[in-house]
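Report on the structure given below.
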Amino acid sequence: MSISNGAPTHCFMEVIKDTTAKSFKDVFVRRLDSDTKLISDGNPSYGVCARDLGLAHSITLSKDEQAHVTFKWLNILIGNCKKFIDGTYHGREEHKQLYLEEFAYRFNRRHFEMSLVERLLNTCVFASPHPLLRESDSKMALAYET
């Protein structure tokens, strides 16, 4: 989750098989910029990843006085995600990654309420591949994009 001016701006979530440095590093390489400041709870895997990727890293342990402030928005985000999955999918586990992606998609676009449906339709129309488009439709779509 990224935080700006004391409030969350964007998030991503991924299902990982374990909490080893390799699992974290695979995600961090794909998702984080080189100027990211990583704040963690002291799990050694985060430190290894931060060192290997050259990321700034600070640790806030759960017993620290500032832990509740540091992880406030993260705890709220996780709680909201759990409520979303329980309420929408009734806690099903079949497609965990898709549920997390849907939550993150909605969270990252929560300030675009008026254009959310339009943006979603636009993304669907111009996403590749287009298995049902005829060649003439595809040319028209390309002309519209430019």
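All residue numbers in this chain count up from 1 along the given sequence.
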Legend entry - Verdict with supporting geometry, Gln97 and Met13, side chain to side chain contact (heavy atoms under 4.5 Å, CB included): CA-CA 8 Å; Gln97 185 60 44; Met13 297 179 170; 5.8 Å; no
Inset, instruction - Spell out, yes or no, whether Ile16 and Val29 are grouped together once hydrophobic residues are joined by side-chain heavy atoms under 4.5 Å, including indirect joins. - result: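 Linked, Ile16 and Val29 end up in one cluster.
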Legend entry - Hydrophobic cluster identity match, Met1 and Ile76, side-chain contacts under 4.5 Å: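 Linked within one cluster.
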Legend entry - Option passing side chain to side chain contact (heavy atoms under 4.5 Å, CB included) with Leu98 (candidates Lys96, Glu101, Glu94):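 Answer to the side chain to side chain contact (heavy atoms under 4.5 Å, CB included) test with Leu98 among Lys96, Glu101, Glu94: Glu101.
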Inset, instruction - Test His57 against every option in Leu38, Val48, Ile39, Thr36 by the side chain to side chain contact (heavy atoms under 4.5 Å, CB included) rule and name the one that passes. - result: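 Between His57 and the candidates, side chain to side chain contact (heavy atoms under 4.5 Å, CB included) is satisfied uniquely by Leu38.
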Under 3.5 Å, side chain of [X] to main-chain N/O of [Y], donor-acceptor pair present?
{"X": "Asn75", "Y": "Lys72", "result": "no"}
{"X": "Thr88", "Y": "Phe84", "result": "yes"}
{"X": "Arg110", "Y": "Arg106", "result": "no"}

With rounding to the nearest 0.5 angstrom, report the [atom1] to [atom2] distance, [X] to [Y].
{"X": "Asp41", "Y": "Thr60", "atom1": "CG", "atom2": "OG1", "value": "9.0 Å"}
{"X": "Ile3", "Y": "His10", "atom1": "CD1", "atom2": "NE2", "value": "13.0 Å"}
{"X": "Lys37", "Y": "Ser58", "atom1": "NZ", "atom2": "OG", "value": "4.5 Å"}
{"X": "His95", "Y": "Leu100", "atom1": "NE2", "atom2": "CG", "value": "13.0 Å"}
{"X": "Phe28", "Y": "Leu55", "atom1": "CZ", "atom2": "CG", "value": "7.5 Å"}
{"X": "Phe103", "Y": "Ile78", "atom1": "CZ", "atom2": "CD1", "value": "9.5 Å"}

Legend entry - Candidate pair Ile59 and Tyr46, rule side chain to side chain contact (heavy atoms under 4.5 Å, CB included), full reasoning: CA-CA 9 Å; Ile59 296 172; Tyr46 289 117; over 6 Å; no
Closest non-hydrogen atom pair, [X] against [Y]:
{"X": "Cys49", "Y": "Ala21", "result": "SG-O, 3.2 Å"}
{"X": "Phe12", "Y": "Leu32", "result": "CE2-CD2, 4.0 Å"}
{"X": "Ala7", "Y": "Trp73", "result": "CA-NE1, 4.1 Å"}

Inset, instruction - Output the rest of the hydrophobic cluster of Val117: all Ile, Leu, Val, Met, Phe, Trp and Tyr residues reachable through side-chain heavy-atom contacts under 4.5 Å, sorted by chain and number. - result: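 Besides Val117, the cluster holds Leu121.
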Inset, instruction - Output yes when Lys82 and Asp86 qualify as a salt bridge under the 4.0 Å nitrogen-oxygen rule, no when they do not. - result: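 The answer is no: the pair does not qualify as a salt bridge.
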Inset, instruction - Flag yes if more than 12 heavy atoms outside Glu118 fall under 6.0 Å of its CD atom; otherwise flag no. - result: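 Incorrect, the count does not exceed 12.
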Legend entry - Under the ring-ring contact (aromatic ring centres under 6.0 Å, His included) test, residues paired with Tyr99 that sit two or more places apart: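 Testing Tyr99 for ring-ring contact (aromatic ring centres under 6.0 Å, His included), a comparison that skips the adjacent residues, returns Tyr89.
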Legend entry - For Phe71, ring-ring contact (aromatic ring centres under 6.0 Å, His included) partners two or more places apart: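 Phe71 satisfies ring-ring contact (aromatic ring centres under 6.0 Å, His included) with no other residue.
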Inset, instruction - Could you give me the CA-CA distance, side-chain angles and deciding distance for Ser4 and Thr9, then say whether side chain to side chain donor-acceptor pair (under 3.5 Å) is met? - result: CA-CA 6 Å; Ser4 178; Thr9 55; 5.9 Å; no
Inset, instruction - Examine the side chains of Ser45 and Thr20 and answer whether a donor and an acceptor come within less than 3.5 Å of each other. - result: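 No donor-acceptor contact under 3.5 Å links the two side chains.
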